[in-house]
Amino acid sequence: MIKVTLKDGSVKEFENPISYGDIAKSISPRLLQKAACVKADGVVCDLRDMADKDVHLEILSFDDKEGKKAFWHTSSHVLAQAILKFIPSAKLTIGPAIDNGFYYDIDTDVNIDEGMIAKLEAEMKEISKKNSPIKRFVLPRAEALARFPDNEYKQELINDLPQAEDISFYEQEGFVDLCAGPHLLSTGEIGAYKIMSIAGAYWRGNNENKMLKRIYAISFPKQKELDEYLAMLEEAKKRDHRKLGKELEIFDMVDEGPGFPFFLPNGMIIYNTLLEYWREIHKREGYVEISTPMILSRSLWENSGHWDHYKDNMYATKIDGEDYAVKPMNCPGGMLTYKMKPHSYRDLPMRVGEIGLVHRHELSGALNGLMRVRCFHQDDAHIFMTEEQIRSEIKGVARLFDEVYALFGLSYHVELSTRPENSMGSDADWEIATEGLRGALEEMNMPYVVNEGDGAFYGPKIDFHLKDALGRTWQCGTIQLDMQMPERFGLEYVGADGEKHRPVMIHRVAFGSVERFIGILIEHFAGAFPTWLAPVQAVVIPVSEAHKEYANEVLKQLDKAGIRGKVDDRSEKIGYRIRENQLQKVPYMLVVGDKEVADGAVAVRDRKEVLSQAMPLADYIAYVKQEIAERRL
RNA sequence: GCUGUUGUAGCUCAGUCGGCAGAGCACUUCCUUGGUAAGGAAGAGGUCGGCAGUUCGAAUCUGCUCAACAGCUCCA
């Protein structure tokens with residue numbers, strides 16, 4: 001007797017071992033139809049797997065995360081089947097489900113153009129229409145290898161599988177693919193497909209390997225769901241910071257400076273306002289601020305290790321015949337500043353900030369609006385401290401970052417990056433540094449994922465990742481623990497014992513790059529910045545020429561109160577001017593006509609409320625001043 | 001850098017078979033003085049990303065090149 005406990009607590013009993021699919025069917029045929037896979041005692045399993053003992057069972061559909069994965073994974077097999085119909089010579093490699101759909105990497109010289117995409121989409125639909133059953137079978141290693149005599153990729157995959165394991169395959173309509181599963185029971189459950197893009201991708205993600213063609217696609221049970229998804233993507237594109245940045249005159253890019261953004265007056269207001277906030281909280285946290293030169297000599301970069309580890313990304317120049325480089329990072333300048341005078345243990349921790357403009361030669365294909373540029377400002381700071389101070393300093397920094405992101409309503413995830421291959425320093429130092437970071441995260445109960453081998457060449461790091469409008473994540477904040485630079489630069493402090501000691505240092509940025517952070521903010525707010533950040537906070541709209549004088553008086557009062565205002569007295573109808581300022585996402589529009597002139601009032605129209613409400617000018621000013629002072633969202 | 005796609009007015013885009021470069025919005029001027037998301041008229045604006053080539057003739061065909069977009073690699 002097998003007892004199956006379902007998610008709702010109900011229990012079903014079966015005489016003999018039974019497949020999870022049949023269990024679903026016994027509950028209702030409709031449930032089976034929707035089912036994509038199951039979770040048995042918390043482990044994701046195939047519907048074909050057998051329940052042979054008591055089990056807690058959760059039946060997953062497209063609406064569940066794991067169900068989606070199975071659904072999309074099956075979809076990728078359908079894509080592969082379609083590819084082989086039109087490009088029989090293509091070598092299949094891998095075809096996993098991802099967060100938003102799935103892809104299949106193939107090795108072929110055939111160009112996947114629009115005509116081919118249309119053919120593939122039609123064929124996938126056709127395959128699903130036939131609603132063919134998907135079968136699983138298992139082969140011993142030798143036979144598995146024999147299945148793919150000419151496909152070195154599949155051979156490699158099979159050879160990498162653990163020796164003991166059975167090698168499973170799935171088959172539909174004679175199309176067979178190596179796969180661990182789970183998969184849907186038939187192709188008919190997939191109702192709509194869309195190929196999203198074609199891109200190159202290196203085999204196994206290594207740029208020394210051959211570049212394959214990757215076909216990105218997505219699928220849904222119903223056409224309507226696909227349509228909704230595509231509409232959602234269109235909406236997200238409207239938030240694109242590159243589009244809004246231009247429309248709202250925040251920044252722009254030109255061919256003359258690929259990767260070098262131009263900040264326009266509105267962008268500079270946002271930039272300066274962010275830094276004003278930054279300076280305020282850093283002063284509170286005991287930071288001082290310095291500024292170090294943009295160009296420094298080669299010998300400095302050799303000393304710091306950048307010349308060896310970062311040369312390809314640096315812009316070099318010559319001064320009086322000697323090699324110099326534009327700084328890609330601020331730390332070496334910070335080191336030299338520390339060394340300008342002797343330090344006592346009483347000075348530590350020393351928190352030294354620098355809004356540094358750095359230049360890095362990023363690959364042309366990596367550039368992306370403000371998110372990835374070739375010159376940017378880091379809201380950098382270096383903290384010099386004793387080894388005992390590591391944890392408390394890291395915790396202080398992490399708490400500060402959390403405060404910053406919370407102010408904007410940004411959610412983030414944290415990654416701990418460990419020692420990369422091409423790095424400097426001893427194993428012992430890396431161990432201390434990595435455990436220092438990990439320990440601080442654990443003590444704070446901050447959830448994190450480990451990113452093996454992704455640390456900086458001088459130390460491990462904690463990265464804070466934020467999302468853009470399309471859900472892509474970007475590293476913003478980072479806390480890097482460094483025991484190499486102090487060593488290389490011979491930094492010292494005099495301890496309580498009167499002896500010289502080596503300090504440990506932290507490199508950290510909260511915004512990361514001010515440019516990237518502004519890009520994130522543009523998308524996060526869809527250009528409608530909270531009042532304290534908005535380039536124009538209130539626009540005064542006189543009803544007619546007769547009210548111009550009063551409008552200018554209102555502007556003067558706003559100005560005196562520190563509110564960024566402007567008068568829109570163009571000879572256009574009010575509706576037109578409201579629309580224009582609404583599209584510019586101005587938080588407040590103050591309409592003034594005969595009534596307002598008579599009462600010393602303004603008719604306030606809030607960007608969000610689409611309401612008009614008259615109030616005395618003084619009341620309005622007091623209200624907005626408060627809103628700005630509190631940096632309200 | 002690599003794979004693929006795209007470059008036409010400030011913006012969004014049309015331009016058929018290779019035959020005089022277009023629309024809407026924005027801009028300028030004039031009329032309109034209008035109470036909460038587009039009032040009307042006229043005007044100006046372009047070496048069709050750049051450089052070569054094919055052709056009587058190129059926005060259109062070919063080659064190279066620059067830039068942008070999506071992804072890979074890399075990264076704040």
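In what follows, chains carry the letters A, B, and so on, assigned in the order in which the sequence lines appear, proteins first and then strands, with residues in each chain numbered from 1. Values reported hereafter were calculated over all heavy atoms of this structure, with side chains retained and with hydrogens, waters and symmetry mates removed.
- A:Tyr103 comes within 4.0 angstrom of no nucleic acid atom, judged by non-hydrogen atoms across all strands.
- Here A:Lys119 does not pair with A:Glu123 in a salt bridge; the nearest charged N to carboxylate O distance is not below 4.0 Å.
- With B:rA37, B:rU32, B:rG35 as the choices, the nucleotide that has an atom nearest any side-chain atom of A:Ser571 turns out to be B:rU32.
- The distance between atom CG of A:Asp240 and atom P of B:rA68, rounded to the nearest whole Å, is 14 Å.
- Looking at heavy-atom distances under 4.0 Å, A:Arg214 makes contact with sugar-phosphate atoms alone, never a base.
- At the phosphate of B:rU73, neither OP1 nor OP2 sits under 4.0 Å from any side-chain N or O atom of A:Asn209.
- If you check every strand for non-hydrogen atoms under 4.0 Å, A:Glu515 touches nothing.
- Closest to the A:Gln582 side chain, of the nucleotides B:rA37, B:rG1, B:rG4, is B:rA37.
- In this structure B:rC27 sits in the anti conformation; its chi angle is more than 90° from 0.
- A donor atom on one side chain and an acceptor atom on the other are found under 3.5 Å apart for A:Glu553 and A:Gln557.
- Counting any heavy atom pair closer than 4.0 Å across all strands shown, A:Val373 reaches a base atom.
- Per the geometry, NE2 belonging to A:His361 stands 16 Å off P belonging to B:rA76, to the nearest Å.
- Side-chain N/O atoms of A:Glu362 and base N/O atoms of B:rG1 include no donor-acceptor pair closer than 3.5 Å.
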(request) Represent RNA chain B in dot-bracket notation, 5' to 3'. Only Watson-Crick or G-U wobble pairs with both distances under 3.5 Å count; pseudoknot-style crossings use [ ] and interstrand partners use |. (result) (((((((..((((.....[..)))).(((((.......))))).....(((((..]....))))))))))))....
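- B:rU8 and B:rC2 have their P atoms separated by 24 Å, given to the nearest Å.
- A:Asp606 has no carboxylate O lying under 4.0 Å from a charged side-chain N of A:Lys608, or vice versa, which leaves the two without a salt bridge.
- Within the nucleic acid shown, A:Tyr576 comes within 4.0 Å of sugar-phosphate atoms alone, with no base atom in reach, counting heavy atoms only.
- Per the geometry, CE belonging to A:Met196 stands 20 Å off P belonging to B:rG4, to the nearest Å.
- Among the protein residues, A:Asp594 comes within range of the nucleic acid bases, having at least one heavy atom under 4.0 Å from a base atom.
- Looking only at atom types and distance, the side chain of A:His547 has a donor-acceptor partner in the side chain of A:Ser544 under 3.5 Å away.
- A donor-acceptor contact under 3.5 Å is not formed by the side chain of A:Tyr202 with the base of B:rG71.
- Backbone-only engagement by A:Leu367 is indicated by non-hydrogen atom pairs under 4.0 Å involving sugar-phosphate atoms exclusively.
- Nucleic acid contact for A:Leu363: base, since at least one base atom lies under 4.0 Å from a heavy atom of the residue.
- If you take atom C1' in B:rA37 and the same atom in B:rC25, they sit 15 Å apart, rounded to whole Å.
- Note on A:Asp568 versus A:Lys566: no salt bridge recorded, every NZ/NE/NH1/NH2 to OD/OE distance being 4.0 Å or above.
- A:Met589 comes within 4.0 angstrom of nothing in the nucleic acid, heavy atoms only.
- To the nearest angstrom, P of B:rA76 lies 20 Å from CG of A:Leu274.
- Residue contacts for A:Ala201: at a heavy-atom cut-off of 4.0 Å it reaches the sugar-phosphate backbone alone, with no base atom in range.
- Straight-line distance from the CZ atom of A:Arg372 to the P atom of B:rA70: 13 Å, rounded to whole Å.
- Here A:Phe376 counts as stacked on B:rA76: its ring centre is under 5.5 angstrom from the base ring centre and the planes meet at under 30°.
- For the P atom pair drawn from B:rA44 and B:rG35, the interatomic distance equals 34 Å after rounding to whole Å.
- Each salt bridge (charged side-chain N to carboxylate O under 4.0 Å, His left out) pair with one or both residues in residues 356-380 of chain A, not counting sequence neighbours, appears once here: A:Glu362-A:Arg372.
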